[in-house]
Amino acid sequence: MKTGNNHRHNICLSRMGITFKRIFMSILALSLAFNIYATNTPNQFSDDVIRIAVVTDVEGSWSESVGQGALVAAEMALDDIGGKVGDYAVEIQLIDHKHKKGEEASALAKRLIDDGFDVITELSGSSTAIPIYKYANRKKIVTIVVGAGSSSLTNKNCSKTGFHWSFDTYALSKGLTKTIASNKDGGKWYFIGLDGFVQPSAADAKPFIESNGGKILGIKGFPWKSGKTNFKPEIEKAKNMGATVIAIANAGSESVAAVRQIHESGLFVEEGSIVSLLTLLQDIRQLGLYSSRGLQFVSPFYWNYDNVTKEFSKRFLARHGSAPSSAQAAMYSSVFHYLRSVKRSGTDDGIKVARMMKSLPIDKNDPFARNAYVRTDGRMVHDMYLVEVKSPEETTEAWDYLKLIDIIPGEDAFRPLEESECPFISN
């Protein structure tokens, strides 16, 4: 009996040994597999810092509307998200694009990417924005355009990592011309403005003008040139051709000079006859209410709209010394949404972050946008506002320049997705 018991005992020990060995080998295999996975899996962040390039007009004619204020807005967004993303620091750098175009703009984009920037944003001026946007997006770098207007950015030039955050020529032209044309039996329009802005603006406005019985008599474009101030020949030509509406497709000091000279000429004094495709708060401050009163335009933002916009603008004013322009408010919104998306996706990979930016709802307390969401093509859809510049008598406080005429829902303002030429939408 003893021998049998010992034999059975030895068998049990032997089987237990085999079991323990199997368990040990399984644990070892899992450990090795985990180590191999950990070794071969790339770091979710390219380095220890998330780098944001604010590429803008620092010293030129648009610097008041973007410039240093764009950097302030981006820094406010970083502060509001906690100063970093998880354990990762965030660096924001201001870069003056000096209105570079073509290959020079592409070379700037290459340098920024080589320097390790994870996102390129702002990009005032379509002739500068488009080549940077194209190059960066070929490299799968998130690019968020704020201050350029070309609607091609999320149309034929769309990209899976590219975004257009504020206005575009389609929304500005449709909202303004549809309203003005319907009140003036279509009207006879003459467009004056920057090359790369005035042509697409007129093209986007044309169907809405013509559908109301109006027509475009002429389009006068000129290359960007700092200090351009003499628009009198174009103004007189427009009047001599019989134009009843003169549309300014400028920005910054060029826009200010054109509107002032139209008022001084006395040629277009009828209400609604002078319209601006792009007017920012700082432009009105330079013009003064006497020269700009009655000017109508479409704006994506106004600081005095509600309590949320007022609170944000009060903070911005304290840091920068002026109320935010629509472009500066859009900078805050875009950087805040980008950082939220990086945090939520756990990576700075351009494709993954862009996918998160399109799926993540816009923050409910976003001061820039109302009824907003990011579309598949990268277009941030939001309400737009038809506004008119107040008279001096109507103004009650500093920076209180505008009165709201109409709210244009985002779905009505921006080009419908089904009309898009974006190459990857159909897929």
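- Atom NZ of K156 and atom CG of L153 lie 10.5 Å apart (nearest 0.5 Å).
- Between K390 and E394, the closest heavy-atom pair is CA-OE1, 3.5 Å.
- Figure legend: K239 and F268 shown as a cation-pi pair, the cationic atom lying under 6.0 angstrom from the six-membered ring centre and within 45 degrees of its axis.
- When side chains are defined from C-beta on, Y338 counts as touching V142, because their heavy atoms get closer than 4.5 Å.
- At least one side-chain heavy atom of R340 sits under 4.5 Å from a side-chain heavy atom of L360.
- Under the side chain to side chain donor-acceptor pair (under 3.5 Å) criterion, R375 pairs with D377, not counting sequence neighbours.
- Within 6.0 Å of CG in N307 there are 12 or fewer heavy atoms belonging to other residues, nucleotides or ligands.
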Determine, step by step, whether N157 and I130 satisfy the side chain to side chain contact (heavy atoms under 4.5 Å, CB included) criterion, reporting the C-alpha distance in whole Å, the side-chain angles of both residues, the deciding distance to 0.1 Å, and the verdict. CA-CA 8 Å; N157 290 320; I130 291 173; 4.1 Å; yes
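- For the pair I248 and V275, the minimum side-chain heavy-atom distance is 4.5 Å or more.
- Between F312 and Y332, the gap from one ring centroid to the other is short of 6.0 Å.
- A centroid separation of less than 6.0 Å is found between the aromatic rings of F231 and F222.
- Remark: D306 CG is packed, more than 12 non-hydrogen atoms of other residues, nucleotides or ligands lying under 6.0 Å away.
- Although no hydrogens or angles enter the test, the distance criterion places no donor-acceptor pair under 3.5 Å between the side chain of D406 and the main chain of L386.
- Side-chain atoms of D204 come within 3.5 Å of backbone atoms of Y170 as a donor-acceptor pair (strictly under, hydrogens ignored).
- In this structure, S201 contributes its side chain and T169 its backbone to no donor-acceptor pair below 3.5 Å.
- Under the side chain to side chain donor-acceptor pair (under 3.5 Å) criterion, S126 pairs with no residue, sequence neighbours left out.
- If you take OG1 on T395 and CD on E397, they are separated by 9.5 Å, rounding to the nearest 0.5 Å.
- Judged by a 6.0 Å distance limit and a 45° cone about the ring axis, R293 is positioned over the six-membered ring of Y290.
- No donor-acceptor distance shorter than 3.5 angstrom exists from the side chain of T56 to the backbone of V58, with no hydrogens or angles considered.
- Remark: D168 does not engage K174 in a salt bridge, criterion side-chain N to carboxylate O under 4.0 Å.
- Between K110 and D114 a salt bridge is recorded (basic side-chain N to carboxylate O distance below 4.0 Å).
- In this model, no donor atom of one side chain and acceptor atom of the other lie less than 3.5 Å apart for H337 and D363.
- A donor atom on one side chain and an acceptor atom on the other are found under 3.5 Å apart for S152 and S150.
- Centroid-to-centroid, the aromatic rings of F414 and H382 come within less than 6.0 Å.
- Atoms CD and CG, on Q68 and D57 in that order, are 11.5 Å from each other to the nearest 0.5 Å.
- The minimum heavy-atom distance linking L277 with A249 is given by the pair CB-CA, 4.2 Å.
- A side-chain donor from one of Y401 and R285 sits under 3.5 Å from a side-chain acceptor of the other.
- Listed here is the closest heavy atom pair of Q282 and S325: OE1-CB, 3.1 Å.
- Checked options M380, M356, H164, R379; the residue passing with V374 is M380 (criterion: side chain to side chain contact (heavy atoms under 4.5 Å, CB included)).
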Given side-chain hydrogen bond (donor to acceptor under 3.5 Å, both in side chains), test N137 with T143 step by step and report yes or no. CA-CA 7 Å; N137 291 323; T143 315; 3.1 Å; yes
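- The closest donor-acceptor contact from the side chain of S299 to the backbone of Y302 lies at 3.5 Å or more, if one exists at all.
- The line from CG of L281 to CG of L402 is 6.0 Å long, rounded to the nearest 0.5 Å.
- A salt bridge links E388 with K403: the closest approach of a Lys/Arg side-chain nitrogen to an acidic carboxylate oxygen falls below 4.0 angstrom.
- For R344, the CZ atom counts as loosely surrounded, since its 6.0 Å shell holds 12 or fewer non-hydrogen atoms of other residues, nucleotides or ligands.
- In summary, the aromatic rings of W62 and H97 are positioned with their centroids too far apart to meet the 6.0 Å limit.
- Here the OG atom belonging to S334 is positioned 9.5 Å from the CG atom belonging to L339, to the nearest 0.5 angstrom.
- Judged by a 6.0 Å distance limit and a 45° cone about the ring axis, K358 is positioned over the six-membered ring of F163.
- Side-chain contact between P200 and S151 is absent, with no heavy-atom pair separated by less than 4.5 Å.
- For K160 and F424, the positive end sits near the middle of the six-membered ring, less than 6.0 Å away and at most 45° from its axis.
- Residue L289 comes nearest to S391 through the heavy atom pair CD1-O, 4.2 Å, listed as atom of the first residue, atom of the second, then distance.
- Sparse packing is recorded around CD of E103, with 12 or fewer heavy atoms of other residues, nucleotides or ligands lying under 6.0 Å away.
- For T309 (side chain) and W303 (main-chain N/O), a donor-acceptor pair under 3.5 Å exists by modelled atom type.
- Scanning all heavy atoms of the two residues, the minimum distance from T154 to S420 falls at O-OG, 3.9 Å.
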Between I52 and E91, does a side chain to side chain contact (heavy atoms under 4.5 Å, CB included) hold up when you go through it step by step? CA-CA 6 Å; I52 300 173; E91 291 180 1; over 6 Å; no
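- Residues L278 and N250 fail the side-chain proximity criterion, which asks for heavy atoms closer than 4.5 Å.
- Judged by distance alone, with hydrogens and angles left aside, the side-chain atoms of Q286 form no donor-acceptor pair with the main-chain N or O of D283 at under 3.5 Å.
- Under a 3.5 Å cut-off, the side chain of E75 and the backbone N or O of I92 do not form any donor-acceptor pair.
- I246 CD1 to S276 OG: the interatomic distance, rounded to the nearest 0.5 Å, is 11.0 Å.
- Of all the heavy atoms in V49 and D118, the pair that sits closest is O-OD2, 3.5 Å.
- In this structure the side chain of T161 never reaches within 4.5 angstrom of the side chain of R138, judged on heavy atoms.
- No option in V146, V55, V66 other than V66 meets the side chain to side chain contact (heavy atoms under 4.5 Å, CB included) test with S124.
- Side-chain contact check for W189 versus K215: every heavy-atom pair is 4.5 Å or farther apart.
- A heavy-atom distance below 4.5 Å is found between the side chains of F336 and D80.
- Ion pairing between D348 and R51 fails under the 4.0 Å rule for side-chain N and carboxylate O.
- In this structure, the side chain of S106 does not engage the main chain of I132 through any donor-acceptor pair within 3.5 Å.
- A donor-acceptor pair under 3.5 Å is formed between the side chain of N230 and the backbone N or O of K232.
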Taking it one step at a time, do F368 and S166 satisfy side chain to side chain contact (heavy atoms under 4.5 Å, CB included)? CA-CA 9 Å; F368 170 73; S166 184; 3.7 Å; yes
